[in-house]
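A quick write-up on the structure given underneath.
Just follow the structure's listing: the first ligand is 1, and inside any ligand the first atom is 1. All values below were derived from every heavy atom in this structure, side-chain atoms included, with hydrogens, water molecules and symmetry-related copies excluded.
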Amino acid sequence: MKIKFKRPPIIGIMGHVNHGKTSLLDYIIKTNIVSKEIGNITQNINVYNIETLIGPLTFIDTPGHEAFSHMRILGVKIIDIMLLVIAADDGVMPQTKEVISYILNNKIPLIVVINKIDKLNINIKKIINQLNNLGIISDKYGGESLFVNFSSKTGEGYEQLINNIKLLTDILDIKFEKNKNSKGIIIESILNKKKGPLVIVLSKCGILKKGNFMITKSSYGKVKSILNENFKNIDFLYPSIPGIIQGLNILPKSGEKFFITSNKKKIKKKKYFISKKKINKNNKLIFKKNKSSKNYEGKKLNLILKSYNYGNQKSILNILTKFYNKYGKIKIINYSIGDININDIILCKNTNSIIIAFNLYENKELLNFKKKYNIKIYYFYIIYDILKKLKKIMYLKKKRNEKKIKVLGYAEIKKKIKKECEIIAGCYITKGKIKKNSFILIKRNDIIIWKGYINSIKHYGKEIKEAKYGIECGITFKNFNSFYINDKLEIFDKKENIENIESIKNNENI
Ligand SMILES: Nc1nc2c(ncn2[C@@H]2O[C@H](COP(=O)(O)OP(=O)(O)OP(=O)(O)O)[C@@H](O)[C@H]2O)c(=O)[nH]1
């Protein structure tokens, strides 16, 4: 006889943006004397296992913005019960409808939580009618869905909500068999510098054990270690409890299913197919040699995205691919998971890109390279801050292009000559020309080290008004002589350009 054991129900909280999903979860957390600390990792991926009066419950909180639909779809794959949160003062909205389609298509047991009932001017009946029209009918009217009126501000309706969760858990008989192999989904995947691919998993059946052989759609490996939600090493992971697994060969995508097998044939077959496939993009360091992109000077902004985990990456890509404004478009040159590395810097340099790093710490080891190549790296922790920054960068870039600053010529310092009380730069004009009233930028390793006017141009000791391409001449600068051999000169023509040149410098330091 198969012996079954209880496991906590996995409860998804979904709904339209700002309808109060997180507030509802916060209320449940603060109301329950949580017998154990809530792990950091679960907070990061928004999976919480909470001890409540009716026993342990596992919640998955998903963002409500349209860009996060992949996270909602991922949640749908694993949840036992759905809490559909609808704000009483807003009613059924686009993402409410999206969630309803998942519920109906997947026949997910549902509790509708009409939230914010403490607010004035609300019309609950209207929401019930809207839901009726979409096929969500209350059990009171012969349907299958439970309804709760709730306020995370006052706590009204909380008891009924908990009772409804208990009712559904009992009806659904949420259990698992100990002796079956573990099976579930990858909730999140992270590339760790030292440990390699790490995945956060959640299962509904079997017990996952250290040493098990795990297979996902795109990866495989022996489970080397299991960490619980408080980052403590454990030997077994029970169903409905999130855990972190180390041991997969490459980084799978979040949402991929995993299963455990000891069948040698299956393992061999999987290894064969994966080795035939192209290696996962997220693990591959792309190094495009000398491929320079002209788009930067045009209307497109070249961008390299580095994210902490797959979920972050997918959300940002979703938003960026739709991002367009009057200042131009974004071209995503490459995207990958994990810290910024030297290949990212080289790719950035070769493609004239900027790097957007999300939920990552600054890699101090790369500071020298960053400086050397004059790379722009922007760190973010809130997705919408990325858009704000990109808008600003693109606006300034457009302004810079509009100003059409004309470069008169280029020169290179070949010698440093000391003569009486003067220090003269022995220069070779590599392109265009230099004039007596020219404005100069001196660059070292692509970084502007000085800007200003020249004092004099001399050719064989004689002062001249201008020097053209191919000429060697001696130049002195106004109040500056700390130049080095190999420093480069960018030469500009008119006085009125100074303001524009200043704006180039400022933009370079956005
Ligand atoms: N008056 C009132 N305000 C509420 C209630 N629940 C949430 N709010 C407010 O509604 C706003 C949105 O709440 P969140 O819990 O962040 O909403 P969310 O659905 O998690 O939002 P996303 O994660 O961005 O989709 C916040 O300002 C909350 O304080 C409620 O029951 N009553």
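- Atoms of ligand 1 found under 4.0 Å from any heavy atom of Lys119, numbered from 1 in the order shown, are 1 (N).
- Using a 4.0 Å cut-off to heavy atoms of Ser23, the atoms of ligand 1 that qualify are 6 (N), 7 (C), 13 (O), 14 (P), 15 (O), 28 (C).
- The distance criterion of under 3.5 Å between nitrogen or oxygen atoms is met by Asp118 with respect to ligand 1.
- The residue among Leu24, Ile13, Asn18 with a heavy atom at the shortest distance from atom 22 (P) of ligand 1 is Asn18.
- The line from CG of Asp89 to CG of Asn123 is 11.5 Å long, rounded to the nearest 0.5 Å.
- Note that CG of Asn318 and CD1 of Ile383 are 9.0 Å apart. Values are rounded to the nearest 0.5 Å.
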Show, in sequence, the C-alpha distance, side-chain angles and deciding distance for Thr216 and Lys257, and conclude whether the side-chain hydrogen bond (donor to acceptor under 3.5 Å, both in side chains) test is met.
CA-CA 6 Å; Thr216 80; Lys257 289 183 180 159; over 6 Å; no
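- Residue contacts with ligand 1: Val17 is placed with no nitrogen or oxygen under 3.5 Å of a nitrogen or oxygen of the ligand (distance criterion only).
- Taking a 4.0 Å cut-off on heavy atoms, Ser152 registers as neighbouring ligand 1.
- Contact annotation: for Lys116 versus ligand 1, heavy atoms closer than 4.0 Å belong to both the backbone and the side chain.
- Looking at Tyr158, its side chain never comes within 3.5 Å of a backbone N or O of Ser151 through a donor-acceptor pair.
- Listed by number with element, the atoms of ligand 1 under 4.0 Å from a non-hydrogen atom of Lys153 are 1 (N), 2 (C), 30 (C), 31 (O), 32 (N).
- Asp173 meets the side-chain hydrogen bond (donor to acceptor under 3.5 Å, both in side chains) test with Lys175; sequence neighbours excluded.
- A cation-pi arrangement, defined by a distance under 6.0 Å to the six-membered ring centre and an angle within 45 degrees of its axis, is present between Lys178 and Phe5.
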